[in-house]
Amino acid sequence: TPLAPPAETDLESKMNWGTFYAVISGVNRHSTGIGRIWLSVIFIFRILVLVVAAESVWGDEKSAFICNTQQPGCNSVCYDQFFPISHIRLWALQVILVSTPALLVAMHVAHRRHIDKKILKRMGRGSPKELENVKNQKFQITGALWWTYMISIIFRLLFEVAFLYIFYLIYPGFKMVRLVKCDSYPCPNTVDCFVSRPTEKTIFTVFMLAASGVCVLLNLAEVAYLIGRACRRYFAGSENESNPAWISQRMSSYRQNEINQLIADHSLKSKFGVAKKAPTEREDRCSAF
Amino acid sequence: MSWPALYAQLVGANRHSTSLGKIWLSVLFIFRVMVLMVAAETVWGDEQSDFVCNTLQPGCENVCYDQFFPVSHIRLWCLQLVFVAAPTLLVSMYVAYRNHGDKKKLLQISSRTGFLSSKSPEEELEALKRRRLPITGPLWWTYFISVVAKLLIEVGFMYALYVVYDGFQMPRLVQCDQWPCPNLVDCFISRPTEKTIFTVFMATASSICMVLNGAELAYLVTKAITR
């Protein structure tokens, strides 16, 4: 039956966006607050609306595109001339490409965790508990991670603006016309062709463009916030001594932890080691000479 | 097609990949599988029902469609993705085989020497399952062969697509005179521009994956030589 396939593909496409959401929202832990708002806007106002509403509005875009002629092939050719790429596909590609730079941050964090684990193993503290701690650690957005994050936001902005521009090139104006006039071969002369659901399409186009605009503003705000934070840190940090690289910081903090651990172990042993009193007395006697 | 199930399988094999392998997997799933499922399948959805020929002769449309589209782009891409993902499973199978051998050895040793080691046997088995094998020796060869296989499969499918469809562009109009069409009839393809755009997109993503595979081969060879 003609009704069965659309329901299947709808479910499958929801499943795929769900998997995509799982992959992208993993980056959420290392984002700023504005970054998390941006992610929610992307998922709720763009992907969800796309899947739940917009796809059904554009579902019959070709089957209900009717030209005032019986010439076979005229419908196809005129549709292809006026809609080189459907709005839905453009928005889906836009959302996919705009969300992908966030994975750059995830890769950087994974790389750092890998190096942390290597350092731990080299210092001989590769117990599963310690490795779990490394996995759940939240990194501060400083140094190289700040640059990765900044680059990912700039790419997001670039992709967003590029897609808005491409949209403007292909469909100048956000209004969907009711009627287009077409005279490509094999249409016998200039025929009227009617677009299906033009007003509903206009409403959704305006909505998606507004959501894009909001995302662009959020990205700009995040850039400004990151730059402001970096400046504040630089001016506050220039009063203290200069910060060494994070790796040497990490190693020195581990060494300090080791020293603390040794002291704690030693103090515990001296409390409970009743049998060991004799050697220490002998040592004291020896050290007296 | 249950892509999430394939994803779950490949992510498991991901632990033993190089970083380039992990990037390759992300590119594969986001730019190829996702785009295929979410966008491309709807574009090709009506490819046969909207293939219209300028004739009333029954059977002419079926025959002409079959002549110009022996296998649909979507099916070719699905097959390409399935075949390209398969060599990674070779690596998982090798790792599972190694783990099995090591588990047997561990059980033999612990049964012979008793519980002299500091960790319990269950902990050791868990550590064995979760460890990450270094890419040396037979694992290096398995991994190398899997990457070479991936590269060859990608090249093979791209070439097949190019040969079957005479390039990556989809024409608007094809002319067909197979029986039972009465004479040379015009047949019109639905959404040719959108199909061309997606064909170029998928070809680009495929090339990026090929470049990543080539880089991974170079990295593996360099690592082996420096060792």
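Note on naming: letters A, B, ... go to the chains in the order of the sequence lines (proteins, then strands), and numbering restarts at 1 for each one.
- Interface with chain A: from residues 176-189 of chain B, residues B/Asp186, B/Phe188, B/Ile189 qualify, criterion being any non-hydrogen pair under 4.5 Å.
- Atom OG1 of B/Thr42 and atom CH2 of A/Trp58 lie 13.5 Å apart (nearest 0.5 Å).
- Residues passing the side chain to side chain contact (heavy atoms under 4.5 Å, CB included) test with A/Ala110: none are found, sequence neighbours excluded.
- Of all heavy-atom pairs between B/Cys53 and A/Pro72, the closest is O-CB, 3.7 Å.
- At a threshold of 4.5 Å between non-hydrogen side-chain atoms, the residues A/Leu103 and B/Ile30 count as touching.
- Rounded to the nearest 0.5 angstrom, B/Arg172 CZ and A/Ser76 OG are separated by 10.0 Å.
- When each of B/Val43, B/Val35, B/Ile197 is paired with A/Arg89, the side-chain contact (heavy atoms from CB on, under 4.5 Å) condition holds for B/Val43 and for no other.
- B/Arg191 approaches A/Asp80 most closely through the heavy-atom pair C-OD1, 3.7 Å.
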| said: Run the side chain to side chain contact (heavy atoms under 4.5 Å, CB included) test on A/Phe20 and B/Val38 for me, step by step, so that the C-alpha distance in whole Å, both residues' side-chain angles and the decisive distance to 0.1 Å come before the verdict. | reply: CA-CA 11 Å; A/Phe20 186 66; B/Val38 160; over 6 Å; no
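- The structure places CZ of A/Phe65 at 12.0 Å from CG of B/Asp50, a figure rounded to the nearest 0.5 Å.
- For the pair A/Ser86/B/Glu194, a side-chain contact is recorded, criterion being any heavy-atom separation below 4.5 Å from C-beta on.
- Contact of A/Ile88 with chain B is not made at all, since no heavy-atom distance falls under 4.5 Å.
- More than 12 heavy atoms of other residues, nucleotides or ligands lie within 6.0 Å of CG in A/Leu169, so this atom counts as buried by the packing criterion.
- The stretch residues 187-194 of chain A places none of its residues near chain B, where near means some heavy atom under 4.5 Å from a heavy atom of that chain.
- Interface residue B/Phe31: only side-chain heavy atoms are found under 4.5 Å from chain A.
- Other residues, nucleotides and ligands contribute only 12 or fewer heavy atoms inside 6.0 Å of the CZ atom of A/Phe45.
- Both the backbone and the side chain of A/Gln81 come within contact range of chain B, judged by heavy atoms closer than 4.5 Å.
- Residue B/Phe29 does not touch chain A at all, counting heavy-atom pairs closer than 4.5 Å.
- Taking a 6.0 Å sphere around CZ of B/Phe201, one finds it holds more than 12 heavy atoms contributed by other residues, nucleotides or ligands.
- With rounding to the nearest 0.5 Å, the separation of OG in B/Ser26 from CE in A/Met107 is 6.5 Å.
- Summarising the local packing, NZ of B/Lys223 is surrounded by more than 12 heavy atoms from other residues, nucleotides or ligands at distances under 6.0 Å.
- For A/Leu93, the part sitting under 4.5 Å from any heavy atom of chain B is the side chain, from C-beta outward, and nothing else.
- The NE2 atom of A/His111 sits 8.0 Å away from the OG atom of B/Ser19 when rounded to the nearest 0.5 Å.
- Contact annotation for A/Glu61: only side-chain heavy atoms (C-beta onward) come within less than 4.5 Å of a heavy atom of chain B.
- Residues meeting the side chain to side chain contact (heavy atoms under 4.5 Å, CB included) test with B/Asn62, sequence neighbours left out: B/Gln48.
- The CE atom of B/Met34 sits 9.5 Å away from the OG1 atom of A/Thr100 when rounded to the nearest 0.5 Å.
- No more than 12 heavy atoms of other residues, nucleotides or ligands lie within 6.0 Å of CZ in A/Phe155, so this atom counts as exposed by the packing criterion.
- Note: B/Asn54 leads B/Val52, B/Ile23, B/Leu173, B/Asn54 in heavy-atom pairs under 4.5 Å with chain A.
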